[in-house]
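Computed over heavy atoms, backbone and side chain alike; hydrogens, waters and symmetry mates excluded. Each chain gets a letter, A, B and so on, in the order its sequence line appears, and its residues count up from 1.
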Protein chains: 4
Amino acid sequence: MKNNTNTTRSEDKHQRIIKAALKVFAKKGFYNSKVSEIAKEAEVADGTIYLYFKNKDDILISVFETEMKTMINNMKKELGTSQDPIEKVRIFAFQHLNMITENQEWAEVAQVELRQSTKFMREYVKDHYADYLNLFAYIVREGQEKGVFKEDINTGIAKRAFFGALDEMGRYWVLSRSKRYSVEESAKQISDIFIKGVMNQ
Amino acid sequence: MKNNTNTTRSEDKHQRIIKAALKVFAKKGFYNSKVSEIAKEAEVADGTIYLYFKNKDDILISVFETEMKTMINNMKKELGTSQDPIEKVRIFAFQHLNMITENQEWAEVAQVELRQSTKFMREYVKDHYADYLNLFAYIVREGQEKGVFKEDINTGIAKRAFFGALDEMGRYWVLSRSKRYSVEESAKQISDIFIKGVMNQ
Amino acid sequence: MKNNTNTTRSEDKHQRIIKAALKVFAKKGFYNSKVSEIAKEAEVADGTIYLYFKNKDDILISVFETEMKTMINNMKKELGTSQDPIEKVRIFAFQHLNMITENQEWAEVAQVELRQSTKFMREYVKDHYADYLNLFAYIVREGQEKGVFKEDINTGIAKRAFFGALDEMGRYWVLSRSKRYSVEESAKQISDIFIKGVMNQ
Amino acid sequence: MKNNTNTTRSEDKHQRIIKAALKVFAKKGFYNSKVSEIAKEAEVADGTIYLYFKNKDDILISVFETEMKTMINNMKKELGTSQDPIEKVRIFAFQHLNMITENQEWAEVAQVELRQSTKFMREYVKDHYADYLNLFAYIVREGQEKGVFKEDINTGIAKRAFFGALDEMGRYWVLSRSKRYSVEESAKQISDIFIKGVMNQ
DNA sequence: CATGAATGAGTCTTCATTCAT
DNA sequence: TATGAATGAAGACTCATTCAT
């Protein structure tokens, strides 16, 4: 009766396929991944994929939405631990970079695959990214309201700039497979520059 | 004399194909572009492509190298107009964003296609990007040497952060096709934050 | 008592599937019909189909045999109402054309699907069609014996010719979905021509 | 310079594929024929098929149109040899049955495949068949105008009846692979019945 | 150098059939 | 008997690349 783990077969497979797809996409890239590879990785038959997903694109979309939700929820939770805008900036930076290094597969896919998506994919990507970026926009606005951040900072630009700064570090780690610059140091430098850059005085 | 136009026929076609490829890649994406489409756009026969390029990947590499060289040269020229590190930061920001909006096709390809490149492509991309990023690293180091920028700024992180901040704006314009936030304003905001963020005092 | 309705559950389902299959085949054609569609139409599970039929071909065969038996029985009953060969020719014509227009679904399948049957299907089709055609051959022979039809009429040819003449009208109705030429008029014209054509003098 | 035979490569292949398709369709049926089988039979690569035909359906349509045109032209030529409606009826019967036995492959396809065609195929089939059937309708009308055939014969019904009568014989030969009833005898019986059936007096 | 017809390997997707429950 | 999730074989079609002219 402890049916907490009573996920149906279906949910199991759905998750298994998404997980397998993430792995395969990260390794080979979307266009070079075969559906049959994903099936093999998920230990299901090729046809089974199509019981859970409309087509190959749909798998990518699902991977994206699943991971993006986790990302947003985790970030919200972390940001909830502080009331200080300055502290929140540091948390955002660390959390984002940390996520990238801890979930290399997703980072790889997010950095690489989602950006070359076809037109209709863009819609999915855009909206979820917007949600994520706005978590940071709120911090900036909050800082402005509290009078710690300069009024003339445009949040629309600032959120993209800060996110871009972090993300480029992630891209560096992902693409070069380098381990130079620790998460801690990178997060500190970037948030320090930003905070000093936007603070009143 | 008149040697300006003394490019051989071959060079003509080579360029024509690269130009056509840039256009097609920008519109459809690398994997959804057909070699025959590029050939048509370049007004050559399909087979002719293979007299100038080893394969489809090779076309993308050539497009990349051609555009990247132009990008680097233009940036160098612009940066040469000033001696002041602070001014140079502003120039870099404006020049990069301006390039993105003025060469939409290339921006589209750079933002999107190059990042989903296969393993061997990464090498090409990495090296050229490094050259470009280092143009900015020099500025930071120069600023530190002149004592205007803080010593504890890590140039390896700073160059990526600044470039990433700019590039994310470009990605926004490319992906969302939005025209919000002018080049001037975006460049000013981002360089202002950065400059204030890294300056001594 | 009340044994009329004493069909077992099984027989119910068997019939339900055949009926559903007829409907689906008529609408989509055999090769474009999915077993799952038939199951849905019959309101049974996909797997249930295979408790009653060996495979998809077997369903078509069953549909065919079921309908063909009905067709033959009905025709026999109608022909039994007369002793006159000439009258029987008219009855056959009217009854056949009437059946086609009243059982459009079956007509569609009979006209179209059964003729593209695979080798082994042909056997089933051939034998049952032979039974049906022979109902007409009897009429002709009877007419010859009674001296009203010419002796030199080859019944093997005549039965096919007459049936073909009628059937082509049916095909026209089915394929063109036209309503031109009423059943009555068509039956009259075709039987008139045939009767005059085969009568002594 | 005797370039009569100077058909281009293309025309050669186009014809070769059609011929091969006719053979394969006749043997296996449309749905059981693989494009690769047709390619093999035509001695071209699979992909080559798609240089000449949009898809598998398109091959069937082309086969149909090619053969149907030949059929109509041949029939016209034969009918042109006589001025007598009665004689023309006999010619039509003989020519049609003869065609069926001489071009078994086409007969097989025409009898079987074309009738199970999908909706859009029906259009093609209907129009060409109409042309063919009308060749016979003209004969009947001509007979009526000359006063040899009864005025009250409906040509719309008569043409279908006569064609259907002949075609059913063809179907018999095709489906049963029987050789009973010669072309001559069948043609004679069927046209005799019809002529006697529709003649004035 | 240039052409473009021909190639054929490669992959997504469908769907009849099975089988554990 | 009944279910329907799972299977996996099969095939139409695409498109990068070649090569005879």
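In this structure, A:K56 satisfies the cation-pi test against A:F30, with its NZ or CZ atom closer than 6.0 Å to the six-membered ring centre and inside 45 degrees of the ring normal.
The strand DNA chain E forms stems, runs of 3 or more Watson-Crick or G-U wobble pairs with distances below 3.5 Å, at E:2-21 with F:2-21.
The distance between atom CD1 of B:I49 and atom P of F:dA16, rounded to the nearest whole Å, is 10 Å. When rounded to the nearest whole Å, the span between CG of C:D46 and P of E:dT14 equals 16 Å. Note: CG (B:D57) to P (F:dC15) measures 16 Å, nearest angstrom. The nearest whole Å value for the distance from the CG atom in B:L60 to the P atom in F:dA16 is 13 Å. Rounded to an integer number of Å, the gap from NE2 of A:H14 to P of F:dA6 is 13 Å. Distance D:K54 NZ to F:dT14 C1': 16 Å, rounded to the nearest Å. Atom pair B:K40:NZ and F:dC15:C1' shows a separation of 15 Å (rounding to whole Å applied). As rounded to whole Å, 13 Å separates atom P of F:dT14 from atom NZ of B:K28.
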Exercise for the section: Carefully, step by step, assess A:W106 and A:M68 under the rule side-chain contact (heavy atoms from CB on, under 4.5 Å). Expected result: CA-CA 9 Å; A:W106 163 240; A:M68 208 68 199; 4.0 Å; yes

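Closest approach to the C:L51 side chain among F:dT14, F:dT3, F:dT7 is made by F:dT3 (side chain taken as heavy atoms from C-beta onward). For B:V44, the listed nucleotide lying nearest its side chain is E:dT3; candidates were E:dT3, F:dA12, F:dT17. Set against F:dT17, F:dA12, E:dT17, the side chain of D:Y50 has F:dA12 as its closest nucleotide. The side chain of C:V35 lies closest to E:dT17, out of F:dA2, E:dT17, F:dT17.
Between C:F64 and C:V109 there is no side-chain heavy-atom pair separated by less than 4.5 Å. Under the 4.5 Å side-chain criterion, counting only non-hydrogen atoms from C-beta, C:I18 is in contact with C:F53. A 4.5 Å side-chain heavy-atom check between C:K34 and C:I38 finds every atom pair outside the cut-off. A heavy-atom distance below 4.5 Å is found between the side chains of A:I59 and A:F25.
A side-chain N or O of C:N32 and one of D:Y31 form a donor-acceptor pair less than 3.5 Å apart.
When the options D:K27, D:K28, D:K23 are evaluated for a salt bridge (Lys or Arg N to Asp or Glu O under 4.0 Å) with D:E37, the one that passes is D:K28.
With the nearest nucleotide of DNA chain E identified for both C:K56 and A:S33, A:S33 has the one nearer the 5' end. Along DNA chain E, the nucleotide closest to C:G47 and the one closest to B:E43 are compared, and the more 5′ of them pairs with B:E43.
Phosphate contact (OP1/OP2 of E:dA2, side-chain N/O of B:Y52, threshold under 4.0 Å): present. Under 4.0 angstrom from either OP1 or OP2 of E:dA2 there lies at least one side-chain N or O belonging to B:K13. OP1 or OP2 of F:dA12 has not a single side-chain nitrogen or oxygen of D:K34 nearer than 4.0 Å. The phosphate of E:dC15 (OP1 or OP2) has no side-chain N or O of C:S36 nearer than 4.0 angstrom.
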